[in-house]
Amino acid sequence: MMEKIRLNNINVAYEDQGTGPVVVLIHGYPFNRSMWAEQLLELAINRRVITLDLRGHGDSSISAGVATMSQMAEDVCALMDANGIERATIGGLSMGGYVTLAFYHLFPDRVENLLLADTRAQADTEEGKAARAEQAKKILAEGMAPIADMMLPKLLSPETVSKSPDVVKRVRDMILRTSPEGAVAALRAMAEREDHTELLSRIKVPTLIVVGAKDPITPVADSEKMHERIAKSKLVIIENASHVSNIEQPEQFNHAVKEFLDF
Ligand code: MLT
């Protein structure tokens, strides 16, 4: 059930299900909280699971200008404050992982465990920043449809694209629902984000790193680098999955998370 709350001058839409130790899940770009549907259902059996729409996405407000990764992390923390949550397992996929690292950087004492899925610690390269600027221009001129066409073959593996039209439709619809202004603000924020490589060796909490074996956006090598530097980390590679590994292989993904959280 969707809930809404006003914080940091925006309305934030979120879901809050189950009871017990808290798990907060942060979606990627250009998605929304619905990407976590299978995780919400299964983890809420014996955890309190919170999924939210980041500013500029889903049912949350669109804020003007750049919505930085730190601002998004502050929104997550304000949502925890408003719900009386002191510490939680904080997890995110891709851009959600960038926000998760920003969260740890800002609020390490509020983190019980980390989940870093299909993400990386490095900042964008100059080439990556230029590609984001191009993408922003295209979105402003043509909307989200060309972006969905461009991204889908990278987000999902060829097997999923050919055999699971329902999954393709779900991811496409999620992208098409994202507001162009929100997407552009997120692109600018990702281009400006800090490099968090140095932070990795300071992460003290147990960390689960998950990545699709065929992820071309944040490849396995990026996860291996995080695994090498984060002392208490475990790396799980999801077979037959590309970038949105939690949607492509929810069983493998949930199994890894449940084992990590000691269900
Ligand atoms: C995401 O899935 O959040 C984005 O593709 C990440 C990125 O573009 O760096």
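Atoms within each ligand, like the ligands themselves, are counted from 1 in listed order.
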Should Ile90 and Met80 count as side-chain neighbours, where that means a heavy-atom distance under 4.5 Å? yes
Check: Met144 and Arg177 side chains under 4.5 Å, non-hydrogen atoms: no
Below 4.0 Å from any atom of ligand 1, is there a heavy atom belonging to His27? no
Does at least one non-hydrogen atom of Lys154 fall below 4.0 angstrom from an atom of ligand 1? no
I need the atoms of ligand 1 closer than 4.0 Å to a non-hydrogen atom of [X], numbered in the order shown.
{"X": "Arg120", "result": "9 (O)"}
{"X": "Met95", "result": "1 (C), 3 (O)"}
{"X": "Gly28", "result": "3 (O)"}

What's the shortest distance from [atom] to any protein heavy atom, and which residue and atom give it?
{"atom": "atom 6 (C) of ligand 1", "answer": "Ser94 OG, 2.9 Å"}
{"atom": "atom 9 (O) of ligand 1", "answer": "Tyr98 OH, 2.5 Å"}
{"atom": "atom 8 (O) of ligand 1", "answer": "Arg132 NH1, 2.9 Å"}

Could you tell me whether the side chains of Asn240 and Gln249 share a donor-acceptor contact shorter than 3.5 Å? no
How far apart are the C-alpha atoms of Met2 and Arg33, what are their side-chain angles, what is the distance that settles it, and do they pass the side-chain contact (heavy atoms from CB on, under 4.5 Å) test? CA-CA 10 Å; Met2 180 174 86; Arg33 69 183 195 281; 3.4 Å; yes
Steps toward side-chain contact (heavy atoms from CB on, under 4.5 Å) verdict (Trp36, His27): CA-CA 7 Å; Trp36 298 114; His27 65 78; 3.9 Å; yes
How does Arg193 reach ligand 1, by side chain, by backbone, by both or by neither, if only non-hydrogen atoms under 4.0 Å count? neither
Criterion side chain to side chain contact (heavy atoms under 4.5 Å, CB included) against Val76, the qualifying member of Ile26, Leu106, Ile50: Ile26
Starting from Leu41, can I reach Val210 by hopping between I/L/V/M/F/W/Y residues whose side chains sit under 4.5 Å apart? no
Would you check the N or O atoms of Gly96, main chain and side chain alike, for any that come under 3.5 Å of an N or O of ligand 1? no
